[in-house]
Amino acid sequence: MGVKAMRIYRVKDYEQLSKVAANRIAAQVTLKPDSVLGVATGSTPVGMYENLVKMYEGGDLDFSQVTTINLDEYKGLGKESSQSYAYYMEEKLFSKVNLNRKRTFVPDGTEPDSEKACQAYNEVLHRVGPADIQVLGIGHDGHIGFNEPADYFPDETHCVALDEMTIQANKRFFESEAEVPGESYTMGIGTIMRAKSILLLVSGAEKAGILKKALYGPVTPGVPASILQFHPDVTVIADEEALKEIE
Ligand code: PGA
């Protein structure tokens, strides 16, 4: 266990990261057409989705039997809101490839009752999961999904209050900081760890410190991504900037 089960691909830059990540997902879908893809939002996977769309448009990829499960969604935002993750997925992937919408799942941010929303999403995950591959980014505070630093590792879908650091990082997508929702629904760490494989994408110097902590620091819920050291099949694709603190 531990970092022995982790492969780190060092790529030159974001463009290369996006290509290598798309190739990994394409290989998954080609070898297992009914794969369950755990998908992520944020700026890091944008280039990966662009490459996947290109492969689909070129006739090299068929999503017709694929299921997708998203990591998280802002509480209070639905797919009509351009900052929601449902909207992001629609824009970046769902509307551009031949995915069957009945097999794409995102937590329902419009459900105001947190318990109901999380339970409904857990039922989906129990039915269609585990993911064959779970794509992850990493937050500046070490979060995966919206699992913020805590004193335990949450198992299943839950409602979280976003950290100040996350609100600061994500306000760029909103008109103002005040518009960033304070809470989100996120897949739990247990569910993420039950994915058969993990693809962690990390780009840029500003992630170098947290990436080193996550991969080589102590495994602690204070750095949620550190638990990935215990996953048996993790691939990290990171660019030179993100790896600059790691030999
Ligand atoms: P980013 O977000 O890709 O926009 O940096 C990563 C994350 O918060 O998980």
Side-chain angles (χ1 to χ4, degrees), residues 11 13-18 20-22 25 37-52 69-75 77 82-89 91-93 106-107 109 131 133-150 153-154 157-158 160-174 177 180-189 191-193 195 198-215 221-228 231 234-244:
V11 294
D13 53 19
Y14 181 71
E15 197 184 327
Q16 224 198 328
L17 175 145
S18 302
V20 175
I25 297 298
L37 304 180
V39 287
T41 52
S43 39
T44 311
V46 169
M48 176 190 77
Y49 293 127
E50 284 169 3
N51 281 291
L52 286 172
I69 48 181
N70 264 82
L71 284 170
D72 46 18
E73 178 62 284
Y74 289 111
K75 180 176 177 180
L77 299 190
S82 63
Q83 288 96 0
S84 73
Y85 291 159
Y87 183 99
Y88 171 113
M89 290 310 301
E91 191 188 33
K92 307 277 190 278
L93 188 69
V106 182
I133 186 162
Q134 175 66 58
V135 178
L136 296 175
I138 184 170
H140 298 86
D141 57 3
H143 71 210
I144 46 177
F146 267 134
N147 292 281
E148 300 284 27
F153 291 111
T157 310
H158 55 114
V160 279
L162 300 186
D163 270 11
E164 187 51 33
M165 206 189 247
T166 302
I167 291 172
Q168 290 304 322
N170 289 9
K171 71 179 183 195
R172 67 191 193 277
F173 300 114
F174 293 81
E177 186 178 329
V180 186
E183 291 178 304
S184 78
Y185 299 138
T186 183
M187 190 187 281
I189 297 274
T191 305
I192 292 172
M193 288 295 282
I198 301 276
L199 186 64
L200 175 66
L201 310 179
V202 194
S203 173
E206 86 225 21
K207 298 278 177 73
I210 192 66
L211 181 61
K212 184 177 184 185
K213 266 197 198 165
L215 301 188
V223 181
S226 64
I227 190 119
L228 298 175
H231 192 285
V234 178
T235 301
V236 181
I237 306 175
D239 60 19
E240 283 173 4
E241 293 269 276
L243 286 170
K244 69 179 186 175

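Order of appearance sets the numbers: ligands from 1, and atoms from 1 within every ligand. In what follows, every heavy atom counts, from backbone to side chain, and hydrogens, waters and symmetry copies are set aside. Every value quoted in this text rests on a predicted model; they were computed, and no experiment measured them.
Side-chain contact of T41 with N70: a donor-acceptor pair under 3.5 Å is absent, judged by distance alone.
Relative ring orientation between Y85 and F146 is described as parallel, the plane-to-plane angle staying below 30° on a 0-90° scale split at 30° and 60°.
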Can you check ring pair (Phe, Tyr, Trp, His ring centres under 6.0 Å) on F173 and Y88, steps first, answer last?
CA-CA 11 Å; F173 300 114; Y88 171 113; 8.1 Å; no
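A 4.5 Å side-chain heavy-atom check between T186 and H143 finds every atom pair outside the cut-off.
Annotation for I198 and I192: closest pair CD1-O, 3.5 Å, computed over non-hydrogen atoms.
In this structure, D72 contributes its side chain and P107 its backbone to no donor-acceptor pair below 3.5 Å.
Near ligand 1, residues G42, S43, T44, G137, I138, G139, H143, R172, K207 each place a heavy atom inside the 4.0 Å sphere around the ligand atoms.
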